[in-house]
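Have a look at the structure below, then the notes.
Keep in mind that what you see is a predicted model, and the values were worked out from it rather than measured.
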Protein chains: 2
Amino acid sequence: MTTQGTAPPTVYDVASAAGVSIATVSRVLRTPDAVREATRDRVQAAIRSLGYVPSGNARALAGRRTGVVGLLLPGFDVVPDERPDVVTDGGVRIVDDRRHVTQPTSSNLYFDEVLRGAETEAWQRGLALMVAAGRGPSRDVIVNDVAGRVDGLAVLAQTVPDELLEHVARRIPVVVLADDRRSRGFDSISVDNAAGMRTLAAHVIGRLGIRSIAYVAGPVDSPDDQERTAGFKRALEDHGLAPAVVRTVHGDFGRVRARELARALLDERVPRAIVCSNDQSALGVLDAVLARGLRVPDDDVVTGFDGIDAGRYSVPRLTTVHQPMGDLGRAAVRAIVDRLDRREGPPRALRLPVEVLLRESCPPSL
Amino acid sequence: MTTQGTAPPTVYDVASAAGVSIATVSRVLRTPDAVREATRDRVQAAIRSLGYVPSGNARALAGRRTGVVGLLLPGFDVVPDERPDVVTDGGVRIVDDRRHVTQPTSSNLYFDEVLRGAETEAWQRGLALMVAAGRGPSRDVIVNDVAGRVDGLAVLAQTVPDELLEHVARRIPVVVLADDRRSRGFDSISVDNAAGMRTLAAHVIGRLGIRSIAYVAGPVDSPDDQERTAGFKRALEDHGLAPAVVRTVHGDFGRVRARELARALLDERVPRAIVCSNDQSALGVLDAVLARGLRVPDDDVVTGFDGIDAGRYSVPRLTTVHQPMGDLGRAAVRAIVDRLDRREGPPRALRLPVEVLLRESCPPSL
DNA sequence: TTGAAAGCGCTAACAC
DNA sequence: GTGTTAGCGCTTTCAA
């Protein structure tokens, strides 16, 4: 409807229309049973006929709680896809998409899952969810903007500088996702990177009996990568292998770079297994290995970490460690609610379990 | 940080710490240039040392605008995946995922894209985004909750009953996505379903010269389906074909049902082309056609509509009409902002262009 | 350039 | 049961 010259109706309008006080209107909304039925009906009729919608802001201000939780994600990658061979017909573009290389948009999908989990949990608890992607220089503004409107804030690791987060945390509970930040005083929820990688590596080394391994790590400053690498080393020790036995290279978690690294690796010597610190890298490795004419898993097994969708569709499908991103979002909301009821107390960290998914690139047995 | 026994600081706290009035604090925040530098510095220092974050609610209340737009999506499908053959080791589950049938989670991905588009646009305009998935009986509550906290609301078609929407629209601008609801008085943004299907069908009939066609429609009450079907009929007329020539069946937009329908279809007679009203159906049809030992596109071409991810990974890859979901979200926010500056005026409808993506299941030429 | 004061729309005592 | 009233934390005239 677009008709609307007047200001939106308020409790006062409803009250006078129904011939009651504003307190009674408020009661009808919040504690209906405390109002006589006849009165209630009159008020409800007034609400309907006026088109009254209570102001969440006034309510939050008076009630000292907003009923909203915030979720701060890293900036969505706004990568407009390129499209080949375009023809236009009758206003509708026709694209020959046959050779279109499917682009990895994985990281976005990740956040989407977190978001969905958070939304679900928030809804179940009667809370609304406010999302923001903290990118660009105006990040401070956004953070403050969001922080000022919510009862608690969940922030994905490395989205916001610690200093800013600490400022915000003096006002509302903050929980950091995907990184254990207890040392900084934050509650946090992360995923059991180390155990996941250790278990997967144990499969490769112990179960499959492979001894010739290359390890494709990620950026050295990634906390995820550090934990995964630690888990990997742990598995080596478990089986009496010296880490030195393994050729380790550092990538950037990207597919392209991993492809290059894998090529170099294969030029030197072909390991029996290539274990990667994330799925994107593993897909890049897969590209290189297959391009070299090697067969996976027969000549070479390849593993990833994350459980991105692309790994379910690759050929061969990618063995990986699946992170429960939806659960991460859900747990975040739960943690905020918990902290709201118990403001004091030491920071807590929750570790969510991961799952090893054995697929064709590194099967249960050879 | 978890230390926090006291209430969050307010303008008053900042004001007295800086030895100024609350008005000055407000000015420092909103119109810094209107305050002498020395004063400003003192205030900013106080803000930092107190950990002051302005209350968005109080601000919205006083300022009569929230700076937030709402996005209402249909309930996320909370379909916990089933997992086969589980083994546990050291706390980490190991799953033999080799035969795991990839489940279609497409519709969710859709909303995710809309969401991302909306978030991006909102951010660029300095607005925050509040999301909610309106499911269950408490939908009314949610809608009112969200509506009371935002300056405008974007709603995906069929998420909220018209009546409720009209109520809300008396307070704030409402824009409906994916369905032209001008007749009900709403601004709306949709996708050019008819032109998309017409163009695709013209390719099949005109370019490829196919005359033996089956059409798998969706639920009769779906506005999307109606438009697509109209576009299809239009293409038939364009080429002098009577709609009666085409065998039409109605599915439910789901893969499973489409598989059944296709089987029945093939039992009767094998058409040269099967045009489907959405991708899920087309994937189901593909399943059935291939299971029957027919080759696609050699024996049979198959087309979908939507442009879901699964269609990029299917074998053969699915020819389809791609809807710009991200643009839908972006346009929604823009429409709200527009309407905010121009409350009066007839409802507007925006049609976004679609793209035909020719892939292997129905290539540019045979 | 700064301060005082009047709301913004609601909730929650506290009276009646 | 229902009404009165004092805030909730901020913005914004209007004066000074």
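A salt bridge links B:E121 to B:R125: at least one charged side-chain nitrogen sits closer than 4.0 Å to a carboxylate oxygen. Taking the charged nitrogens against the carboxylate oxygens, B:D187 and B:R181 have no contact shorter than 4.0 Å, which rules out a salt bridge.
With C:dG9, C:dA4, D:dT2 as the candidates, the nucleotide lying closest to the side chain of B:A23 is C:dA4. Of the candidates D:dT2, C:dC10, C:dT2, the closest approach to any side-chain atom of B:T24 belongs to C:dT2. Listed nucleotides D:dG9, D:dT11, C:dA4 differ in distance to B:S21; the shortest reach to its side chain belongs to C:dA4. Comparing D:dC10, C:dG3, C:dT11 by their nearest atom to the side chain of A:A62 picks out C:dT11. Comparing D:dG9, C:dG9, D:dT12 by their nearest atom to the side chain of B:V11 picks out D:dG9. In the set C:dG7, C:dC10, D:dT12, D:dT12 carries the atom at the smallest distance from any side-chain atom of B:R30.
In this structure, B:I22 reaches the bases: a heavy-atom distance under 4.0 Å links it to at least one base atom across the strands shown. Base engagement by B:S26 is indicated by at least one non-hydrogen atom pair under 4.0 Å involving a base atom.
Residues B:A58 and B:V35 both approach DNA chain C. Their nearest nucleotides, taken by heavy-atom distance, put B:V35 toward the 5′ side. Nucleotides of DNA chain C nearest to B:V20 and A:R27 differ in position, and the one nearer the 5' end is that of B:V20.
B:D13 has its CG atom 13 Å from the C1' atom of D:dC10, to the nearest Å. Taking atom CZ of residue B:R65 and atom P of nucleotide C:dC8, one finds them 18 Å apart after rounding to whole Å. Protein atom CZ of B:R149 is 13 Å distant from nucleotide atom C1' of C:dG9, rounded to whole Å. Rounded to an integer number of Å, the gap from A:L61 CG to D:dC8 C1' is 4 Å. Between B:L50 atom CG and D:dG9 atom C1' the separation is 15 Å, expressed in whole Å. Put simply, CZ on B:R64 is 6 Å from P on C:dG9, counting in whole angstrom units. Straight-line distance from the CG atom of A:D151 to the C1' atom of D:dG9: 15 Å, rounded to whole Å. Atom CG of A:L29 and atom P of C:dT11 are 7 Å apart (whole Å).
Applying the 4.0 Å criterion to OP1 and OP2 of C:dT1, one finds that B:R36 has every side-chain N and O outside that range.
Going from atom OG1 of A:T159 over to atom CG of A:L177 covers 8.5 Å, rounded to the nearest 0.5 Å. Taking CE from A:M130 and CG from A:L71, the interatomic distance works out to 11.5 Å, rounded to the nearest 0.5 Å.
For A:Y12 and C:dC10, a side-chain-to-base donor-acceptor distance below 3.5 Å is present, hydrogens and geometry of angles not being considered.
Of the residues listed (B:V150, B:L129, B:V175), the one engaging B:V69 in a side-chain contact (heavy atoms from CB on, under 4.5 Å) is B:L129, and it is the only one.
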